[in-house]
Amino acid sequence: MTVVKLGGSIITDKGVDFSYRDEAVRSIGRAIASTGEKVVIVHGGGSFGHPIAKKFHLSSSKPRRSSEGVSETRRAMFDLDARVCDSLLAAGLEPYAFSPYPLLAQAGRKGSAWLRAMLVAGLTPVTFGDVVHSKEGFRIISGDTISLSLCESLGATRCIFVMDVDGILDRDGKVISTLDEEDANRLMGLTSSDATGGIALKVKEALKMAASGTEVAFVSGFRPRELSKALKRVRFHGTIVRVPSRD
Ligand code: ATP
Ligand code: IP8
């Protein structure tokens, strides 16, 4: 079972508010469908969720007492989710959209039994970065963090992060084919203007996944053939994460 995180950078143009990339998501959907792999899809906020979250000062790092902007941000995410599901349906998948909140509130493998049942029935569960509430207030939970939780609760073999670039890039813009801890530490210092921490959060969550035994890959959604290869676990153009062995 594989968790696929569709980054906001591939499903939308993050430089243009509310710009959805239908054809890119369809070709990603076709690539997934052609492999026959069991996949849970998580998508990010891109140019739908992030600009609204930013407008209302909602973020993953600082919870806010006020509920201002919560409905608007979720509205944008549900709008984006409907578009993603339409594209996946057109690509031959049977998406089953759900809000991640109840699943996150019910941690552990037991809480995800229904999700497993959906996979067995041939559906493709689809969820997304969301706004959640805890005793400190409202905050954004990134699709990257949700992907980590899902990998843990489902015991996923793999997580594939799909973005608008070919993988994790070095200082010269070249793809790092195998990301080690040193590369990761450097990237974790990078800042981002979006609501959830950009590439730094992604790498942080990827390292946690890899440390608990999930294979992690980064690939471009503009190269659906490479995504198919990553799903089939054959050599692909992109990045894999290597963590030092504990012995
Ligand atoms: P969203 O958070 O909206 O779901 P996403 O998951 O696609 O989007 P981003 O947070 O936008 O992820 O991070 C991916 C972006 O980070 C890429 O579009 C790329 O331009 C940028 N980036 C910055 N530094 C790097 C790097 N060293 N390697 C790869 N991408 C990088
Ligand atoms: O784009 C953020 O999820 P991400 C979701 O995966 C919202 O970090 C609501 C902005």
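For ligands, and for the atoms within them, numbers begin at 1 and follow the listed sequence.
- Applying the 4.0 Å criterion to heavy atoms of G7 picks out, from ligand 1, the atoms 4 (O), 5 (P), 6 (O), 7 (O), 8 (O).
- Under 3.5 Å, the side chains of D22 and S87 contain a donor-acceptor pair of N or O atoms.
- Here the shortest heavy-atom distance to atom 10 (O) of ligand 1, taken over S142, G198, S220, belongs to G198.
- At least one N or O atom of G8 sits closer than 3.5 Å to an N or O atom of ligand 1.
- A salt bridge between E205 and K208 is present, with a side-chain N of the basic residue lying under 4.0 Å from a carboxylate O of the acidic one.
- Taking the ring pair (Phe, Tyr, Trp, His ring centres under 6.0 Å) definition, one finds that F128 meets it with H43, F78, sequence neighbours left out.
- Residue-ligand proximity: G197 is placed with every non-hydrogen atom at 4.0 Å or more from ligand 1.
- Using a heavy-atom distance under 4.0 Å as the criterion, the protein contacts of ligand 2 are K5, G44, G45, G49, H50, T73, M77, G129, I140, S142, G143, D144, T196.
- Taking distance alone, with nitrogen or oxygen atoms compared against 3.5 Å, K14 approaches ligand 1 more closely than that limit.
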Exercise. Would you please test V175 and H237 for side chain to side chain contact (heavy atoms under 4.5 Å, CB included) and show each step?
Key: CA-CA 8 Å; V175 177; H237 180 60; 4.0 Å; yes

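- Contacts between K202 and ligand 1 below 4.0 angstrom, taking non-hydrogen atoms only, involve the side chain exclusively.
- Crowding of R235 atom CZ: a count of heavy atoms from other residues, nucleotides or ligands under 6.0 Å not exceeding 12.
- Salt-bridge check for D180 with R242: failed, with every basic side-chain N at 4.0 Å or more from each acidic carboxylate O.
- Proximity of atom 17 (C) of ligand 1 to the protein is indicated by at least one non-hydrogen atom lying closer than 4.0 angstrom.
- Residues Y101 and I146 share a single hydrophobic cluster, defined by chaining ILVMFWY side chains whose heavy atoms lie under 4.5 Å apart.
- Backbone and side-chain nitrogen or oxygen atoms of L169 are examined, and one is located within less than 3.5 angstrom of a nitrogen or oxygen of ligand 1.
- Here the heavy atom of the protein found nearest to atom 22 (N) of ligand 1 is I199 CB, 4.2 Å.
- Nearest protein heavy-atom contact of atom 29 (C) of ligand 1 is G167 O, 3.4 Å.
- Of the candidates K232, R158, R233, R158 is the only one forming a salt bridge (Lys or Arg N to Asp or Glu O under 4.0 Å) with E37.
- Residues L115 and F98 are in side-chain contact: their nearest non-hydrogen atoms beyond the backbone lie under 4.5 Å apart.
- Proximity of D194 to ligand 1, defined as any heavy-atom pair under 4.0 Å, is confined to the side chain (atoms from C-beta onward).
- The side chain of L187, and not its backbone, has at least one atom closer than 4.0 Å to an atom of ligand 1 (non-hydrogen atoms only; side chain from C-beta on).
- D166 is linked by a salt bridge (Lys or Arg N to Asp or Glu O under 4.0 Å) to R223, counting only residues two or more places apart in sequence or in another chain.
- For the side chain to side chain donor-acceptor pair (under 3.5 Å) with R83, the lone residue among D81, D86, D79 that qualifies is D79.
- Note on ligand 1: H43 sits outside its first shell, no heavy atom being nearer than 4.0 Å.
- Residue contact check: H50 has heavy atoms under 4.0 Å from atoms 1 (P), 2 (O), 3 (O) of ligand 1.
- Using a 4.0 Å cut-off between heavy atoms, D164 contacts ligand 1 through its side chain alone, with no backbone atom that close.
- Using a 4.0 angstrom heavy-atom cutoff, G45 counts as in contact with ligand 1.
- Salt-bridge annotation for K14 and D164: absent, with no side-chain N of the basic residue lying under 4.0 Å from a carboxylate O of the acidic one.
- Ligand 1 has an N or O atom lying under 3.5 Å from an N or O atom of G46, backbone or side chain.
- In this model, a donor atom of one side chain and an acceptor atom of the other lie less than 3.5 Å apart for D130 and S99.
- Sequence neighbours left out, not one pair with a member in residues 41-52 passes salt bridge (Lys or Arg N to Asp or Glu O under 4.0 Å).
- Every atom of ligand 1 with a heavy atom of V165 under 4.0 Å away is listed here by number and element: 29 (C), 30 (N).
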